[in-house]
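Everything numeric here is computed off the predicted structure, so don't read it as measured data.
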Amino acid sequence: MYLAFFYIDINQGVYMDFREIFLFKEINDDLLEKVKSFSIIKNLKKDEIVFYEKESPNYLHLLVKGNVRVYKVDKNGNELIIHKFKAVSLIAERANLENIPYPANCAMDSDGVIIKIEWNKFKEVLHNSNMCFEIMNSLLKKMRYLDDLIHTNLILDTKTKIAKFIYEYPELFESLKQHNIAGLLNIKPETLSRKLKFFKEEGIIENQGSKLKIKDKEKIKEYFNF
């Protein structure tokens, strides 16, 4: 018999079947109900904290609606964004798997919903399902992203580095502030500003209010021959 497992977002009137979430697609009904018994569903507002850097990873965080940002804070109090995630996605699962404190802060980038799964209890059921594979697959994607950033920072010249970032991560480029992009690419803010001026002159990007928007993505691909 099929057992329904829903969350309800009262503000939006949204009903979602957990079977649609990648982590729970293949597990049996009894296991699903067991996971439900030690899970907490949180409706969070934009800028609410999901977890802090150095906090113990007592929960596995599953973003099922909205967006989050993972960031560090520099000595001047500025947010240096490491990554942004969209639903549906696991967040900072490496901390859970290695039993280490969260390496950065996490906050909502929009209103959204997060399922907090009690990690110690969840570990007990992992070996009886394919959920372990799904978690490892999610972690591998993040590792590929990290490897790409390392390659970008060590090998490419500054102009090509920025161009590659614009082309491969357009949504991230358009959503981040310039000092965050500079921190992510390990270049000085003034250097980034000069290079962005070049891309504007080339008709590749443009200002729209306080945001930078990509005007011609294909042109940057042809220009740098990725």
### Task
Applying side-chain contact (heavy atoms from CB on, under 4.5 Å), run through L212 and F199 and close with a yes or a no.
CA-CA 11 Å; L212 287 168; F199 293 132; over 6 Å; no
### Query
Please walk me through it: do V68 and D109 pass side-chain contact (heavy atoms from CB on, under 4.5 Å)?
CA-CA 5 Å; V68 301; D109 224 28; 5.6 Å; no
### Message
Show, in sequence, the C-alpha distance, side-chain angles and deciding distance for N67 and K84, and conclude whether the side-chain contact (heavy atoms from CB on, under 4.5 Å) test is met.
### Response
CA-CA 7 Å; N67 308 312; K84 291 196 176 189; over 6 Å; no
### Task
Go through the steps for S193 and L196 under the test side-chain contact (heavy atoms from CB on, under 4.5 Å), then give the verdict.
CA-CA 5 Å; S193 182; L196 290 179; 5.8 Å; no
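Think of I40 as one node in a network of Ile, Leu, Val, Met, Phe, Trp and Tyr side chains linked at under 4.5 Å; its network also takes in Y59.
Of all heavy-atom pairs between K188 and A182, the closest is C-CB, 4.3 Å. Scanning all heavy atoms of the two residues, the minimum distance from I166 to I205 falls at CD1-CG2, 4.3 Å. Scanning both residues, Q178 and L192, for their nearest heavy atoms gives O-CD2, 3.1 Å. When all heavy atoms are compared, the tightest approach of P101 to A95 is O-CB, 4.2 Å. For the pair N96 and P57, the tightest heavy-atom approach, listed with the atom from each and the gap, is ND2-O, 3.2 Å. The minimum heavy-atom distance between A104 and V70, with the atom names listed, is CB-CG1, 3.7 Å.
Residues I82 and Y71 are not in side-chain contact: their nearest non-hydrogen atoms beyond the backbone lie 4.5 Å or more apart. Between I204 and Y167, the closest side-chain pair of non-hydrogen atoms is not below 4.5 Å. Between L172 and F165 the shortest side-chain heavy-atom distance falls below 4.5 Å.
For residues 87-117, the pairs satisfying ring pair (Phe, Tyr, Trp, His ring centres under 6.0 Å) are F51-Y102, H61-Y102, with sequence neighbours left out. For residues 171-185, the pairs satisfying salt bridge (charged side-chain N to carboxylate O under 4.0 Å, His left out) are K86-E171, with sequence neighbours left out.
L80 and I49 fall into different hydrophobic clusters, where Ile, Leu, Val, Met, Phe, Trp and Tyr side chains are chained together by heavy-atom contacts under 4.5 Å. Under the 4.5 Å side-chain heavy-atom criterion for grouping Ile, Leu, Val, Met, Phe, Trp and Tyr, I100 is not connected to L90 through any hydrophobic cluster.
Judged purely by distance below 3.5 Å, without hydrogens or angles, the side chains of K72 and N105 never pair a donor atom with an acceptor atom.
When the side chain to side chain donor-acceptor pair (under 3.5 Å) test is applied to D47, the partners found at least two apart in sequence or on another chain are R69. Under the salt bridge (charged side-chain N to carboxylate O under 4.0 Å, His left out) criterion, E55 pairs with no residue, sequence neighbours left out. With sequence neighbours excluded, the residues that form a side-chain contact (heavy atoms from CB on, under 4.5 Å) with Q208 are E206, K213. Not counting sequence neighbours, the partners of D216 by the side-chain contact (heavy atoms from CB on, under 4.5 Å) test are E218, K219. Scanning for salt bridge (charged side-chain N to carboxylate O under 4.0 Å, His left out) contacts around K121 gives E118, with sequence neighbours left out. Applying the salt bridge (charged side-chain N to carboxylate O under 4.0 Å, His left out) criterion to E48, with sequence neighbours excluded, gives no partner residue. Partners of N78 under the side-chain contact (heavy atoms from CB on, under 4.5 Å) rule, at least two apart in sequence or in another chain, are D74, N76, H179. Residues that satisfy the salt bridge (charged side-chain N to carboxylate O under 4.0 Å, His left out) test with E190, not counting sequence neighbours, are absent from this structure. Every side-chain contact (heavy atoms from CB on, under 4.5 Å) that K46 has, sequence neighbours left out, goes to D111.
In K116, the NZ atom is crowded: over 12 heavy atoms of neighbouring residues, nucleotides or ligands sit closer than 6.0 Å. Within 6.0 Å of atom NZ in K217, more than 12 heavy atoms from other residues, nucleotides or ligands are found, so the atom counts as buried in its surroundings.
At distances below 3.5 Å, not a single donor-acceptor pair connects side-chain atoms of N43 with backbone N or O atoms of V113. Distance alone, capped at 3.5 Å, places no donor-acceptor pair between the T191 side chain and the I187 backbone. Judged by distance alone, the side chain of S89 and the main-chain N or O of L63 form no donor-acceptor pair under 3.5 Å.
Here the CD1 atom belonging to I117 is positioned 14.0 Å from the CG atom belonging to N58, to the nearest 0.5 angstrom. For the atom pair CD1 (I115) and NZ (K36), the distance works out to 11.0 Å, reported to the nearest 0.5 Å. Interatomic distance, K195 NZ to I181 CD1, rounded to the nearest 0.5 Å: 15.5 Å. Atom-to-atom distance recorded for E53:CD and C106:SG is 12.5 Å, nearest 0.5 angstrom. Residue N207 holds its CG atom at 11.0 Å from NZ of K215, rounded to the nearest 0.5 Å. Between the CD1 atom in I91 and the CZ atom in F85 there is a gap of 7.0 Å [rounded to 0.5 Å].
Taking the six-membered ring for Trp and the full ring otherwise, the centers of Y169 and F173 sit at least 6.0 Å from each other.
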